[in-house]
Amino acid sequence: MTTAEVMIGALAREIGDDDVVGVGLGTTLGLIAAMAARRTHARGSEFTCAGALSPEVGLLEAMRGPDGMAGKTGAWISHFDTMEMAERQAFTLMFLRPAQVDASGALNVSRVGDRRLPGGMGAADTPSLLPRVVCYHTDHRPQTMPQRVDFVTGRGENVKTLITDLCVIDFAAGSPRLRSIHPGHTKESVRAATGYPLPCLQEAGVTPPPSTELLAAIEEIDSHRLRDLEFRTSREEAQRRLTAARHQPLPIPTT
Amino acid sequence: LGENALVGTGGAILNRKPMALVRALVEAGKPVNLVTFLASTDAELLAEAGLLRKLTATYCGLERTGRAAAFERGVQQGRIEWCESSEWLLLDGFRAAAMGLSFLPSRSGRGNDLPAARELREVNDPYSGEVLLAHPAIRPDVALIHAWRADEEGNVQLPFPPDHLWDVDLYLARAARRTVVSVEEIVSVEDVRRTAHLTRLTRIEVDALVLAPGGARPTACRPVYEEAVSL
């Protein structure tokens, strides 16, 4: 079981049957979680991906854009319509991967210190529109989890959960509390990596691993292991796999 | 275009950037302010030529192929002003201009640091009293867009399914004072009439049409070519 799979399990657990999830192509773990949840415990959930409504494809086809998803979705939604859906809260949940998340849940995708980041896209918008935002981060350190972010790209009130490579942090009560710790880490090591005090929820334990059913769905959705794209140590290899796979003909659909 | 015109470019990152038209801007040699939804090779080419004064966008980079090096150098050295925006700020800005309004009200951005950085003003909803942000109109002097094909009258078509974010280009075209569209192919009026459901910009909205096969390279223009990317 890799950290990516534990994180996808935790992200998928955030999705219920009634959720409509907004997720970008750049947030691979979030996209896999949305796809896998719909195939397992949340069959009634929906997600949109690059304009396609819950396309029945694997991750690679989704990343190939309209040509990869054509014929596998019943609706193409324009970006204006997507934004309008967010304004009227027709999306119930959004996954974001910011550079920093602070003790108030505020997120930063704009600049860290004097280093400018490429830009926040919709990360400035969705936290002030959607009722529930779940953030994730694959490199939990004191610098990425500071008391106060260097720039508030998105406000924190609607950020309800933060899932990192070490643990799951609960913001439901308005302040951060440790909900669970991933296998191989301890309360002490998580606290040492966090820039703010982190009390435990009473029931805080080990993050449950994804179910056998969910793991099978992840394998089916992401047979090229592109879930490694968002981790510093495995990114380069995963990019090579992506480049090689993108230039193969599209797989023949099985259903 | 005069010096320091506000130029809007269509496309998104490695998709359908109007590169032939941007190269023409570089040849013209005048400094420009650029506004685009997701900047990439357009901002980078202008930055490399020393012609980019200011960029308004929600992102500037080359996606999985890396960062926009010339643009980043320019920002670091203070030659380029980076005006970070958000998706709603940009789209509302284009929509307001397209409607002839000076702003559109929105909940988006309330409570974060962008409104102060962009000096946004608030507005009271006269019916409910809710305090909203006034997203100001963005009215480019010219919009540059690359598309699949058009007829000689200027009815512009995109394939179906369209590429992601295709509709942002329509608002950009309608917001700008002038709209220039380059295309892979100019086809007959009859061909377009037979496939009128693919027409996305009409001849009423297009001021000039340019035949520029390969005009989006190295970015993609479906259904003709993919982005030229190697890692």
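Throughout, protein chains are lettered first and strands after them, A, B, ... in sequence-line order, and every chain is numbered starting at 1. Not measured: the values here are computed from a predicted model.
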Is B:I13 close to chain A through its backbone or its side chain, or both, or neither, when contacts mean heavy atoms under 4.5 Å?
side chain
B:Q76, part contacting chain A, at a heavy-atom distance under 4.5 Å:
neither
Do A:F91 and A:E46 have side chains that approach each other closer than 4.5 Å (heavy atoms only, starting at C-beta)?
no
A:R88 atom CZ, over 12 foreign heavy atoms within 6.0 Å
yes
Check whether A:I77 gets within reach of chain B through its side chain, its backbone, both or neither, counting any heavy atom under 4.5 Å.
neither
Answer with side chain, backbone, both or neither: which region of B:R67 has an atom nearer than 4.5 Å to a non-hydrogen atom of chain A?
side chain
Pair B:H197 and B:F160, ring centroids less than 6.0 Å apart:
no
Bottom line for B:E63: the part with an atom under 4.5 Å from chain A's heavy atoms is neither
Aromatic rings A:F80 and B:Y171: how do their planes relate, parallel, tilted or perpendicular, breaks at 30° and 60°?
tilted
B:H146 side chain to B:S182 main-chain N or O, any donor-acceptor pair under 3.5 Å?
yes
Region of B:D113 that comes under 4.5 Å of a non-hydrogen atom in chain A
both
Report yes or no: do B:T9 and B:D42 form a side-chain donor-acceptor pair below 3.5 Å?
yes
Look at B:A57, B:G111, B:S85, B:G61 and state which one has the largest set of heavy-atom pairs under 4.5 Å with chain A.
B:G111
Most chain B-contacting option - heavy-atom pairs closer than 4.5 Å, from A:E236, A:R111, A:R116, A:R155:
A:R116
Return yes if some donor-acceptor pair links the side-chain N/O of B:Y225 with the main-chain N/O of B:A216 below 3.5 Å, else return no.
yes
What residue in B:P159, B:S106, B:P161 has the most heavy-atom pairs under 4.5 Å with chain A?
B:P161
Select one option (side chain, backbone, both, neither) describing which atoms of B:L114 are under 4.5 Å from chain A's heavy atoms.
both
Here's a test for you: under side-chain hydrogen bond (donor to acceptor under 3.5 Å, both in side chains), which of A:Q239, A:R235, A:R241 qualifies with A:D228?
A:R241
Side chain, backbone, both or neither: which part of A:E87 has an atom under 4.5 Å from a heavy atom of chain B?
both
